[in-house]
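What follows is a single structure, written as structure tokens, with notes after it.
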Amino acid sequence: MNDDRFRALPAVEVLAEQALAHAARPAVAPRPLVVEAARAVLALERAGLTADPARPPAAPADRLALVLEEAARRAKPRQERVLNGTGVVLHTNLGRAPLSEAARRALLEAAGGYVALEYDVAAGKRSERALGAEEWLVRLTGAEAALVVNNGAAALLLAVSVLAAGRKVVVSRGELVEIGGSFRLPEILKKAGATLVEVGTTNRTRADDYRRALSPEVGLLLRIHPSNFRVAGFSERPSRGELAALAKGAGIPFVEDVGSGALVDTTAFGLEREPTVLECLTEGADLVTFSGDKLLGGPQAGLIVGRREWVRKLKKDPLARALRVDKLTVAALEATLAAYVEPARAQEELPTLALLAAPAHVLKDQAERIATALSGLAGLTVSVVPEASEVGGGALPGAILPTYAVVLAAAGRSAAQLERRLRAQGPPLIARIKDDRVLVDARTLLFEDPDEIARVVAAALTGNWEVPGA
Ligand SMILES: *Cc1c(COP(=O)(O)O)cnc(C)c1O
């Protein structure tokens with residue numbers, strides 16, 4: 001290009017060498033990433049010069065600073081720790097359930113060395129994976145047998161593939177759900193090789209609707225917990241007992257995907273009722289599938305409990321091998337399930353349950369501690385307001401938990417600007433905007449240090465507002 005502005009730009013290698021010479025800490029800017037960053041910064045600058053013929057090239061010092069910033073960004077893990085100020089306890093995008101201390105310890109121990117993953121130490125022989133977690137599941141749910149796979153979607157995929165591939169699966173129209181993150185029931189059934197037979201209507205499905213759909217081609221009756229929405233008003237669906245009787249008569253299993261899968265009665269925490277796994281089984285489900293990292297409060301896993309004959313069939317299938325969990329999941333899951341040996345202990349040990357059950361006055365105290373820590377910051381207005389938080393994770397749809405939030409306003413800045421600046425810090429503080437105000441929910445920050453939050457907010461208020469991270 002015949003333009004002096006472009007000739008003024010340094011070569012990638014030259015720019016990278018200059019940046020490396022300036023890097024305060026080489027560890028945050030390894031050479032390959034600095035070269036990558038130099039290339040990206042130059043490409044962006046070139047595009048800017050092309051778009052605007054009047055624009056001068058950047059000052060060399062500014063360009064160097066950009067390269068170092070970009071290299072540092074690339075060196076940082078993408079999955080960095082964040083401060084969850086959204087109030088959504090089971091936030092799928094933020095990693096769902098925070099693990100208990102016992103689970104974290106077990107995980108760390110398993111990570112660094114060898115464990116008896118598929119080894120019977122007493123017998124000195126090969127054994128089965130996740131037996132300990134399965135024993136806990138049997139103990140806690142009263143099921144005959146249990147199986148652990150990679151996640152809730154995998155649990156359902158396995159059940160349908162093994163029990164109904166090439167056959168039909170009967171589902172109520174009121175349960176054909178899409179759960180956040182691309183879980184669409186009809187697509188999973190299709191992938192499992194089953195044909196979906198929809199019965200009933202969105203708001204009403206009766207046992208007779210299922211009965212009429214039964215034929216020798218039907219492989220299983222499926223009931224899905226409509227996790228993230230609620231059919232209210234004029235609605236009806238058959239009881240588990242009715243579905244169990246129909247399935248039994250047809251010689252096929254009745255499978256229920258309860259999604260979140262409460263092991264304890266959620267009303268004990270002041271929450272709405274969520275079907276417990278135990279009651280699904282007692283009322284007649286042959287197999288129940290649920291997630292490990294939702295209300296259960298453990299690591300990502302798909303849990304399957306129910307009748308021995310069906311669980312055994314699933315276990316023996318090659319697909320179970322493809323969907324198996326690793327030693328880290330097994331370690332964290334076993335420690336999480338062990339906390340349920342007594343409901344009071346579960347609530348005390350598992351952060352998920354503690355966060356969901358936190359009483360309003362405790363949340364108010366934490367909101368006020370955060371507000372106090374922020375009170376000295378210039379240009380910031382802070383107040384504490386009563387608010388409502390969500391459970392998330394497809395559990396307890398529509399449940400609103402009373403909470404307290406800290407409202408932040410920066411002088412002369414919009415809520416959107418402040419929210420973006422909070423996200424650009426290390427660790428990022430994820431807030432939400434409501435009625436053009438930035439809200440930080442005390443519930444999901446209950447175990448965080450108010451002084452750390454204050455440091456993050458202070459950093460967000462200083463620096464260049466035009467560059468989110470500066
Ligand atoms: C969340 C959910 C799933 C998917 O579980 P993952 O563990 O996220 O794979 C399946 N079914 C229902 C009803 C759910 O709520």
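Given the structure is predicted, the values throughout are model-derived calculations rather than measurements.
- Judged as a salt bridge (Lys or Arg N to Asp or Glu O under 4.0 Å), the pairs with a partner in residues 109-118 (not counting sequence neighbours) are, in order, Glu118-Arg126, Glu118-Arg129, Glu118-Arg324.
- In this structure, CG on Leu214 lies 5.5 Å from CD1 on Ile252, to the nearest 0.5 angstrom.
- Glu242 places a side-chain N or O within donor-acceptor distance of the main-chain N or O of Ser239, the cut-off being under 3.5 Å.
- Of the inter-residue distances, the one linking Leu287 atom CG with Cys280 atom SG reads 12.0 Å to the nearest 0.5 angstrom.
- A salt bridge links Arg184 to Glu187: at least one charged side-chain nitrogen sits closer than 4.0 Å to a carboxylate oxygen.
- Distance check: Leu445 CG to Leu363 CG gives 10.5 Å after rounding to the nearest 0.5 Å.
- Enclosure of atom NZ in Lys327 by more than 12 non-hydrogen atoms of other residues, nucleotides or ligands within 6.0 angstrom is indicated.
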Before giving the answer on side chain to side chain contact (heavy atoms under 4.5 Å, CB included), spell out for Thr289 and Val258 the whole-Å C-alpha distance, their side-chain angles and the decisive distance to 0.1 Å.
CA-CA 6 Å; Thr289 67; Val258 277; over 6 Å; no
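- Within the 4.5 Å cutoff, the side chain of Pro351 has heavy atoms near those of the Ser100 side chain.
- Under the salt bridge (Lys or Arg N to Asp or Glu O under 4.0 Å) criterion, Glu452 pairs with Arg81, not counting sequence neighbours.
- Looking at Arg432, its side chain does come within 3.5 Å of a backbone N or O of Thr86 through a donor-acceptor pair.
- Looking only at side-chain heavy atoms (C-beta outward), Leu429 and Ile453 come within less than 4.5 Å of each other.
- In summary, the side chains of Arg369 and Gln366 do present a donor paired with an acceptor at a separation below 3.5 Å, with no hydrogens or angles considered.
- One N or O on the side chain of Thr372 and one on the backbone of Glu368 form a donor-acceptor pair closer than 3.5 Å.
- Between Val197 and Ala213 the shortest heavy-atom distance is CG1-CB, 4.1 Å.
- Counting heavy atoms from C-beta on, the side chains of Asp293 and Pro299 never come closer than 4.5 Å.
- Evaluation of the salt bridge (Lys or Arg N to Asp or Glu O under 4.0 Å) rule for Arg211 yields Asp208 as partners, not counting sequence neighbours.
- Atoms CG and CD, on Leu185 and Glu198 in that order, are 9.5 Å from each other to the nearest 0.5 Å.
- In this structure, a donor-acceptor pair under 3.5 Å is present between the side chains of Ser389 and Arg443.
- Put simply, CG on Leu319 and CG on Leu157 are 5.5 Å apart, with the number rounded to the nearest 0.5 Å.
- The shortest non-hydrogen separation linking Ala373 to Asp451 is CB-OD1, 4.0 Å.
- For the pair Gly297 and Leu350, the tightest heavy-atom approach, listed with the atom from each and the gap, is O-CD2, 4.5 Å.
- Annotation: side chain of Leu278 is not in contact with side chain of Leu263 (no heavy-atom distance under 4.5 Å).
- Defined by atom type and a distance below 3.5 Å, a donor-acceptor pair is present between the side-chain atoms of Glu274 and His225.
- Take Ser127 and apply the side chain to side chain donor-acceptor pair (under 3.5 Å) test, not counting sequence neighbours, and it matches no residue.
- From Phe290, atom CZ reaches atom CD of Glu256 across 11.5 Å, with rounding to the nearest 0.5 Å.
- The shortest side-chain heavy-atom distance between Asp257 and Arg223 does not fall under the 4.5 Å cut-off.
- One finds a salt bridge joining Glu217 and Lys168 here, because a Lys/Arg side-chain nitrogen approaches an Asp/Glu carboxylate oxygen to under 4.0 Å.
- Side-chain contact between Val89 and Thr352: present, with at least one pair of heavy atoms (C-beta onward) separated by less than 4.5 Å.
- Every residue was checked against the salt bridge (Lys or Arg N to Asp or Glu O under 4.0 Å) condition with Arg437, not counting sequence neighbours, and none meets it.
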Validation: residues 147-155 side-chain donor-acceptor distances under 3.5 Å, sequence neighbours left out:
| unit_1 | atom_1 | unit_2 | atom_2 | d |
| --- | --- | --- | --- | --- |
| Asn151 | OD1 | Ala153 | N | 3.4 |
| Asn151 | OD1 | Ala154 | N | 2.8 |

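- Under the 3.5 Å distance criterion, the side-chain polar atoms of Thr444 are matched with a main-chain donor or acceptor of Gly87.
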Could you please spell out the steps behind the side chain to side chain contact (heavy atoms under 4.5 Å, CB included) verdict for Leu296 and Leu333?
CA-CA 10 Å; Leu296 190 88; Leu333 183 61; 4.1 Å; yes
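- Of the options Leu408, Asn84, Val382, a side chain to side chain contact (heavy atoms under 4.5 Å, CB included) to Val440 is made by Leu408 and by none of the others.
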Going through the distances and angles, do Lys313 and Leu163 end up as a side chain to side chain contact (heavy atoms under 4.5 Å, CB included)?
CA-CA 8 Å; Lys313 247 185 135 158; Leu163 305 174; 4.0 Å; yes
Kindly list each side-chain donor-acceptor pair under 3.5 angstrom involving residues 131-138, sequence neighbours excluded, with atom names and distances?
| unit_1 | atom_1 | unit_2 | atom_2 | d |
| --- | --- | --- | --- | --- |
| Glu134 | OE1 | Lys315 | NZ | 2.8 |

Val406 and Leu439: side chain to side chain contact (heavy atoms under 4.5 Å, CB included), yes or no, with the steps?
CA-CA 6 Å; Val406 183; Leu439 296 190; over 6 Å; no
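- Under a 3.5 Å cut-off, the side chain of Asp317 and the backbone N or O of Leu314 do not form any donor-acceptor pair.
- Of the possible polar contacts, none joining the Tyr210 side chain to the Pro238 backbone as a donor-acceptor pair under 3.5 Å is found.
- Judged as a side chain to side chain donor-acceptor pair (under 3.5 Å), and not counting sequence neighbours, the contacts of Ser172 are Thr205.
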Donor-acceptor contacts, no H, no angles, side chain residues 303-310, under 3.5 Å, sequence neighbours left out:
| unit_1 | atom_1 | unit_2 | atom_2 | d |
| --- | --- | --- | --- | --- |
| Arg307 | NE | Asp286 | OD1 | 3.0 |
| Arg307 | NH1 | Glu144 | OE2 | 3.2 |

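- Side-chain contact between Phe254 and Leu220 is absent, with no heavy atoms from C-beta onward closer than 4.5 Å.
- Judged as a side chain to side chain donor-acceptor pair (under 3.5 Å), and not counting sequence neighbours, Arg104 has no contacts.
- Look at Glu70 and Arg74 and you find a salt bridge, because one of the NZ, NE, NH1 or NH2 atoms lies within 4.0 Å of a carboxylate O, short of that distance.
- Taking Lys76 as the reference, Glu80 meet the salt bridge (Lys or Arg N to Asp or Glu O under 4.0 Å) condition, with sequence neighbours excluded.
- Pairing each heavy atom of Leu196 with each of Pro186, the nearest pair is CD2-CB, 4.0 Å.
- Thr141 is linked by a side chain to side chain donor-acceptor pair (under 3.5 Å) to nothing, counting only residues two or more places apart in sequence or in another chain.
- The main-chain N or O of Lys294 is never found under 3.5 Å from a side-chain atom of Ser291 such that the two would form a donor-acceptor pair.
- Residues Leu461 and Leu377 form a side-chain contact, since some pair of their non-hydrogen atoms from C-beta on lies under 4.5 Å apart.
- A donor-acceptor contact shorter than 3.5 Å is absent between the side chain of Arg96 and the backbone of His91.
- Among all heavy-atom pairs drawn from Leu295 and Tyr340, the shortest one is O-OH, 3.6 Å.
- Between Ala405 and Glu387, the shortest heavy-atom contact is CB-CG, 3.9 Å.
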